[in-house]
> 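What follows is a structure written as structure tokens; I'll ask about it next.
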Number of protein chains: 2
Amino acid sequence: MLHVAEAARVSVATVSALINGTATVSPELSARIEQAIRDIGYKRNAIARSLKMGTTRTIGLTVPHITNPFFTAVVSVIQQAFDRAGYAVMLCCTDEDLNTQDDQIRLLLDRMVDGLIVARVGDGAILERIVADANVPVVLLDRLCEGVDTDAVVLDNQRAVFDAISYLVNLGHRRIGYITGTSDISPMHDRMTGYCEALQAAGLPVAEELIRSGDFHEIDGYNATMQLLSLHDRPSAIFSANNPMVIGTMKAIRDIGLSCPEDISVACFDDFPWSDVFQPQLTTVAQPVQAIGEQAANLLLDRLAGNRDAPPRKLVLKGRLMIRNSCRPLAAVVQSVSA
Amino acid sequence: MLHVAEAARVSVATVSALINGTATVSPELSARIEQAIRDIGYKRNAIARSLKMGTTRTIGLTVPHITNPFFTAVVSVIQQAFDRAGYAVMLCCTDEDLNTQDDQIRLLLDRMVDGLIVARVGDGAILERIVADANVPVVLLDRLCEGVDTDAVVLDNQRAVFDAISYLVNLGHRRIGYITGTSDISPMHDRMTGYCEALQAAGLPVAEELIRSGDFHEIDGYNATMQLLSLHDRPSAIFSANNPMVIGTMKAIRDIGLSCPEDISVACFDDFPWSDVFQPQLTTVAQPVQAIGEQAANLLLDRLAGNRDAPPRKLVLKGRLMIRNSCRPLAAVVQSVSA
DNA sequence: TGACACATTCGAAACGTTTAGATTAGCTTT
DNA sequence: AAAGCTAATCTAAACGTTTCGAATGTGTCA
């Protein structure tokens with residue numbers, strides 16, 4: 001900017017005024033300055049600007065795994081929204097690891113991000129402290145966090161799983177295996193509650209042996225499914241509460257020589273873009289990823305626009321059961337049992 | 001830092017020296033300073049540091065679509081690599097749009113990223129100029145760019161498609177539909193060359209009518225497939241040169257009432273994480289995403305470590321044909337034709 | 001012809017670091 | 001005891017912006 005000012009024979013203040021439109025600059029000087037900018041190929045240094053202004057027009061986004069199609073889709077939507085608003089997005093993947101998450105959030109705050117969208121991981125205590133220290137608005141995504149009372153966008157997980165399990169029950173399934181994530185994050189808790197309530201509402205017992213937990217990865221889903229399928233009285237249906245884990249479930253079913261839906265019905269949380277092209281077409285609980293991403297972005301953009309003092313807003317969206325062909329009716333069995 | 005210095009009754013220079021270890025500080029003052037840092041909860045301002053140092057420890061990464069599983073995987077690997085190195089990653093999705101790409105690269109350069117990894121889009125002319133202006137190292141990912149002579153990591157696309165088409169030919173397929181991306185980016189060009197060469201090597205004609213192009217999206221694959229399937233003498237196999245488009249291909253096959261592989265064989269570029277779980281299990285050309293991401297990160301990290309003057313390095317990796325069950329042998333047909 | 005308002009432009013002080021070079025004090029050496 | 005080292009610390013100038021308040025010039029009104 002100094003060079004531009006010299007070339008145009010004006011002060012840097014005038015150049016700044018022209019660039020930002022913060023004061024009227026005479027046509028004559030404007031022309032000279034614009035010419036100088038072109039000649040020199042001047043680009044404003046956003047770092048210096050950030051230092052002075054105290055804002056970076058950059059936000060931080062952390063998710064557990066970007067390869068999880070749900071997060072991939074949400075990240076994509078969020079990125080687009082902030083791109084439109086002229087913000088850059090710093091993306092971090094925590095790999096479901098608490099320490100990694102802490103490091104990354106600190107990294108983002110060090111870089112003075114203007115705001116944070118966090119699909120958190122593990123225990124909330126440290127997150128709580130970090131967020132309190134950080135003087136930036138935070139939006140929780142997908143997962144609430146005890147002690148952190150801030151804007152959030154989540155799904156009505158309990159209801160969504162309730163509906164899915166009820167669907168299986170209505171098809172005649174009585175023993176429904178359930179695979180959950182180990183970590184005690186809110187969605188896992190709520191989904192489990194939905195499972196239990198659906199069974200209870202149907203007058204069915206909640207059997208310990210039918211509930212298996214894993215660590216969110218495909219291999220964990222595989223192992224959990226292997227255990228379920230080796231039970232003496234094995235389940236007729238399996239619900240996987242997590243998207244990548246259901247791939248493991250399908251592999252386990254294949255490896256053990258069974259097929260879906262003939263031998264075992266499968267449903268899971270989170271939809272796949274390709275669900276209705278390949279066989280079996282999985283019955284899933286689809287999250288409204290577009291809405292989730294947009295709402296999260298809007299909440300944060302609203303805070304960034306200056307609305308700092310509004311009370312925390314918690315948006316709860318509805319999931320949608322996508323019924324396909326991976327779950328088989330067990331009517332015959334039901335009748336023989338109830339007869 | 002000023003407050004810390006005052007609280008510890010030292011100069012800011014001493015505080016800086018201690019924090020960065022750039023000079024020896026007496027144990028006495030060190031203790032006072034560390035105490036003050038704790039008391040105040042001081043965090044170094046990375047923006048001010050960047051301004052002074054001329055480095056942000058942040059890199060920019062642009063890809064066409066993050067929802068394309070290939071890019072999802074590569075982004076994930078790259079993010080991890082830079083995270084380990086203490087760098088932040090700014091992610092942008094260009095949506096295969098040239099103007100968006102320009103805007104985003106400018107946005108990244110404005111923010112003084114230390115380096116850039118670009119899976120480019122469209123015509124390379126503007127990219128060439130931007131990269132020349134920007135004084136940062138650039139690594140091209142997946143797609144080369146004429147006129148931009150810089151580090152790059154790409155696949156041997158020609159060979160990979162040659163192998164895939166040859167495989168189909170060996171199965172007895174004579175009319176092989178080919179769906180490509182419209183844009184004239186290097187991989188599309190090379191893949192097309194591989195297709196033509198494989199046919200020629202087998203003494204087969206390259207028929208215009210069997211080649212369709214689309215715009216990388218599922219819907220484009222759908223439309224292209226519809227056209228191919230409506231041909232009077234329709235192909236017995238279809239190869240889709242792009243990952244999302246093959247979903248469209250499968251939908252079109254389903255909608256038209258055919259099935260794969262019984263009525264038509266399908267193969268495509270880029271593997272899916274779930275390829276071997278669902279039916280049909282697609283035969284694909286798998287890219288070594290882990291290696292691609294790591295190599296790209298390493299190339300850039302090497303430049304960032306100071307190795308600026310080394311000549312541009314172009315890494316060409318090999319694809320791998322993953323043979324599954326989406327392609328059917330046509331032995332009987334072949335014999336009747338050649339008889 | 002002052003006095004005043006208004007429109008432009010400018011000088012200089014921030015923002016929070018890093019770092020070169022100056023200063024000081026305590027030793028060693030001759 | 002003067003001179004020369006060394007180690008520890010400090011002063012002050014950058015980095016490239018924004019912005020406040022001052023300065024300058026021009027036209028209007030009494």
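Just so it is clear: chains get the letters A, B, ... in the order the sequence lines come, proteins before strands, and each one is counted from 1. Since we're looking at a predicted model, the values are computed, not measured.
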> Does E146(B) CD have over 12 foreign heavy atoms under 6.0 Å away?
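Count not over threshold, so no.
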> Going by salt bridge (Lys or Arg N to Asp or Glu O under 4.0 Å), name the residues that satisfy it together with D302(A), two or more places apart in sequence or in a different chain.
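If we apply the salt bridge (Lys or Arg N to Asp or Glu O under 4.0 Å) test to D302(A), skipping adjacent residues, the hits are R313(A).
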> With sequence neighbours left out, write down each residue that passes side chain to side chain donor-acceptor pair (under 3.5 Å) with T62(A), or none if nothing qualifies.
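Partners of T62(A) by the side chain to side chain donor-acceptor pair (under 3.5 Å) criterion come out as none, since no residue qualifies.
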> Over all strands shown, is L2(A) touching base, sugar-phosphate only, or nothing at heavy-atom distances under 4.0 angstrom?
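Nothing, no nucleic acid heavy atom in range.
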> Less than 4.0 Å between a side-chain N and a carboxylate O, is that true for R9(B) and E28(B)?
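Salt bridge between E28(B) and R9(B), a charged N being under 4.0 Å from a carboxylate O: no.
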> With side chain to side chain donor-acceptor pair (under 3.5 Å) as the test, would you mind laying out the steps for T58(A) and R111(B) before giving the verdict?
CA-CA 9 Å; T58(A) 299; R111(B) 281 171 174 69; 3.0 Å; yes
> Do you know which two heavy atoms are closest between R57(A) and A85(A), and how far apart they sit?
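What the structure gives for the nearest pair is NH2-O, 2.8 Å.
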> Rounded to the nearest angstrom, tell me the gap between atom CZ in R9(B) and atom P in dC10(D).
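So the two atoms are 11 Å apart, to the nearest Å.
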> Less than 4.5 Å apart, side chain to side chain, heavy atoms only: is that true for D151(B) and L300(B)?
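With C-beta onward as the side chain, the pair stays apart.
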> Might you point out which heavy atoms bring V289(A) and V74(A) nearest each other, and give the distance in Å?
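Looking at all heavy atoms of both residues, the shortest contact is CG1-CG2, 4.0 Å.
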> Toward the 5' end of DNA chain D, which comes first, M53(B) or K52(A), by nearest nucleotide?
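The 5'-side residue here is M53(B).
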> For L91(B), does its backbone N or O pair with a side-chain atom of Q79(A) as donor and acceptor, under 3.5 Å?
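Side chain of Q79(A) to backbone of L91(B): a pair is present.
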> Using a 3.5 Å distance criterion without hydrogens, assess whether the side chain of Q104(B) forms a donor-acceptor pair with backbone atoms of C93(B).
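Yes.
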> Evaluate the side chain to side chain donor-acceptor pair (under 3.5 Å) criterion for residues R44(A) and N20(A): first the C-alpha distance (whole Å), next the side-chain angles of each, then the deciding distance (0.1 Å), finally the verdict.
CA-CA 11 Å; R44(A) 177 166 65 189; N20(A) 298 306; 2.5 Å; yes
> Looking at dC10(D), I'd like to know if its phosphate oxygens (OP1 or OP2) sit under 4.0 Å from a side-chain N or O belonging to T14(B).
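Looking at the OP1 and OP2 atoms of dC10(D), one of them is under 4.0 Å from a side-chain N or O of T14(B).
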> Going 5' to 3' along DNA chain C, which are the first and last nucleotides with any atom under 4.0 Å from a heavy atom of chain B?
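Range of nucleotides touched by chain B: dG16(C) to dT19(C).
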> With heavy-atom distances below 4.5 Å as the criterion, would you say the side chains of H65(B) and D95(B) are in contact?
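Yes; the side chains approach each other to less than 4.5 Å.
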> Which residues in residues 15-26 of chain A have at least one heavy atom lying under 4.0 Å from any atom of DNA chain C?
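Result for residues 15-26 of chain A: T24(A), V25(A), S26(A), sorted by number.
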> Tell me, which of residues 32-47 of chain B have any heavy atom that sits under 4.0 Å from an atom in DNA chain C?
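Only Y42(B), K43(B), R44(B), N45(B) qualify.
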> Return the angle between end axes of the helix from dT1(C)-dA30(D) to dT30(C)-dA1(D), with five pairs used per end and rounding to 10°.
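Computed angle between terminal axes is 70°.
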> Side chains of L141(A) and I78(A): closer than 4.5 Å at any heavy-atom pair?
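Yes, at least one pair of side-chain atoms sits under 4.5 Å.
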